[in-house]
Amino acid sequence: MKLSIYDTLTREVKEIKQSGSVLTMYCCGPTVYRDAHVGNLRTFLLADLIHRALVQQGFKVKFIQNITDVGHMSEDIVTEDKMLQQARLEARDPFEIARGYEELFHKDLQRLNILPASAYPRASETIDLMQQFISKLIEGGFAYATEIGSVYFDSRSYDSYGAISGNRLDSLKPGHRYEFSDEGDKKFHADWALWKAAGSRTEMIWDSPWGFGFPGWHIECTAMSLSLLEGHVDVHVGGIDLRFPHHENERAQSNSIIRSEAVDLWVHGEHLLFEGRKMSKSANNVVLIQDLIDRELDPLALRLSLLENRYRAQMDLTWAALDAANATLRRWRTAMSAWGDSVEAKEDAEIASAIAKDLDTPRAILRLRTIEKDTLLSSQEKRAFFIYADQVLGLDLMRTNVAKPLSEDQQNLLNERAEARKSKDWKLSDLLRDKLLAQGISINDGPDGQSWTWN
Ligand code: AMP
Ligand code: ZN
């Protein structure tokens, strides 16, 4: 069964099709001025889910994810490059900050068992390419340079502007704050900067046919996707907030250059909330992978929690859900070891169909729970179905659980409980069992006394 996903542009579930020699996929990457939080990671995990499903179906995938290290402007009252703003706050070199967060981004991808992309091009190292694309747009009559040396895309030159998000040009009112507050030199309020004159800016600027300056954010994704993906994107992924203006602008640029539809399928993942609230620095509720690790949770518990929800629905993640997912992962890994050591996968029709029909991961997970309990299936079959599912879910289910050592306190509680049982103090023994359970330790009472396992 072919993989079909909801396309934001046509508003229908469409089959992903390969148009060239390989299947081409693009996902907007991080702006590397801060850590990626679990919300950003939800979007990157969505791309990985699609990537894995395509690989499982036998496609050769070329996947590009960009690193934005220049040109992404903040939406604060004073618009400033996010990188330079952070550099000012930390009193550090912006490139040093960018490289540091880029490294952390790769570490997160590894911790989440995300398949590597074919390349992670950096905006700051793609300046020539962006300039070539900007020149093409000027030559084609889609963009114009201004006296002070900025270049804008002429939004009115692109008829179907707004088709992804529904934000048509006639409904975009002047006065809406676009990316730059000092854009007096543009012809129309909805035009956007492809190249911005340096003005008083002295860092992260480059020479260009229009003078010193820096690229806009949207042209970065056009340049990288068209040049690195054979001029056509079969599937494009990003978070829902990127529909407008980022993807609307990217589409206008790319389509104007190649004079046809550059992207076949636009996939947008919904946002993640945490404990009912939008994650933000000011609310002090930004959750990172490191926070999970500090709580002794497997980072893949995040992956499982997210998979239990549909990618197109807004989701509220909680610590309780992460704890539960962590326990499920441990249980599944224990079961997998008990089911043997074969590495063979066997397709399960229901899991295959759930994934193929717009990534219905909750259904796939439910099916795994049924397989786990099914008394008619052999251990070998169960293991093979789980391995098949894991190729797409990426939960690393063949990994064996690492036995965590008991703390001194926990060992004392266990000893106390053994004593209580010996002296037939059932009340105390139950109390101690509950205490241990709250710390993730399950007790079994057998003929040879008590034994314990981590939950
Ligand atoms: P940024 O690093 O801010 O450019 O964002 C990287 C990606 O994360 C983009 O695709 C955003 O749409 C996505 N994103 C940002 N916040 C969230 C969130 N709370 N939940 C899901 N995705 C998000
Ligand atoms: Zn992008």
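Here the structure is a predicted model, which is why all the values come from computation and not from measurement. Just follow the structure's listing: the first ligand is 1, and inside any ligand the first atom is 1. Residues: numbered from 1 along the sequence shown.
Evaluated for a side chain to side chain donor-acceptor pair (under 3.5 Å) with Ser165, the options Glu248, Arg243, His246 yield exactly one hit, Glu248. Among Lys196, Met204, Met130, the one residue that satisfies the side-chain contact (heavy atoms from CB on, under 4.5 Å) test with Pro215 is Met130.
Residue contacts with ligand 1 for His268 are absent, since no atom lies close enough (heavy atoms, distance under 4.0 Å). Contacts with ligand 1 closer than 4.0 Å are made by no heavy atom of Lys278, backbone or side chain.
Scanning the protein heavy atoms around atom 20 (N) of ligand 1, the nearest turns out to be Leu272 N, 2.9 Å. Of the protein's non-hydrogen atoms, the one nearest atom 4 (O) of ligand 1 is Thr31 OG1, 3.1 Å. Distance from atom 3 (O) of ligand 1 to its nearest protein heavy atom, with residue and atom name: Arg34 NH2, 3.1 Å. Leu242 CD1, 3.7 Å is the protein heavy atom nearest to atom 9 (C) of ligand 1. In this structure, atom 17 (C) of ligand 1 lies nearest to the protein heavy atom His271 NE2, 3.3 Å. The nearest protein atom to atom 12 (O) of ligand 1, hydrogens excluded, is given as Asp241 OD1, 2.4 Å; this is a heavy-atom distance.
Considering both main-chain and side-chain atoms, Cys28 never comes within under 3.5 Å of ligand 1 through any nitrogen or oxygen pair. Considering both main-chain and side-chain atoms, Thr43 comes within under 3.5 Å of ligand 1 through a nitrogen or oxygen pair. Taking any N or O of Gly239, backbone or side chain, at least one lies under 3.5 Å from an N or O belonging to ligand 1. Backbone and side-chain nitrogen or oxygen atoms of Gly39 are examined, and one is located within less than 3.5 angstrom of a nitrogen or oxygen of ligand 1. Between Lys82 and ligand 1, no N or O atom pair is found at a separation short of 3.5 Å. Below 3.5 Å of separation, one finds an N or O of Asn40 facing an N or O of ligand 1.
A donor-acceptor contact under 3.5 angstrom links the side chains of His268 and His247, judged on distance only. Counted by atom type alone, Gln290 and Asp294 present one or more donor-acceptor pairs between their side chains at under 3.5 Å. In summary, the side chains of Asn40 and Thr43 do not present any donor paired with an acceptor at a separation below 3.5 Å, with no hydrogens or angles considered. One side chain, Tyr144 or Asp191, offers a donor N or O that lies under 3.5 Å from an acceptor on the other.
Between Arg303 and Asp396 there is no salt bridge, since no side-chain N of the basic residue sits under 4.0 Å from a carboxylate O of the acidic one. Ionic pairing of Asp390 and Arg383 is not present here: no N-O contact between side-chain nitrogen and carboxylate oxygen is shorter than 4.0 angstrom. The pair Asp108-Arg111 meets the salt-bridge criterion, with a side-chain N (NZ, NE, NH1 or NH2) lying under 4.0 Å from an Asp/Glu carboxylate O.
Those atoms of ligand 1 with a heavy atom of Pro30 less than 4.0 angstrom away are 2 (O).
For Cys221, the nearest N, O or S atom to the Zn ion (ligand 2) falls under 2.8 Å. At a threshold of 2.8 Å, the Zn ion (ligand 2) has no backbone or side-chain N, O or S atom of His218 nearer than that distance.
A ring-centre distance under 6.0 Å is not found for Tyr152 and Trp192.
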**Report entry** side chain to side chain contact (heavy atoms under 4.5 Å, CB included) evaluation trace for Lys62 with Ser21
**Finding:** CA-CA 10 Å; Lys62 185 158 189 207; Ser21 67; over 6 Å; no

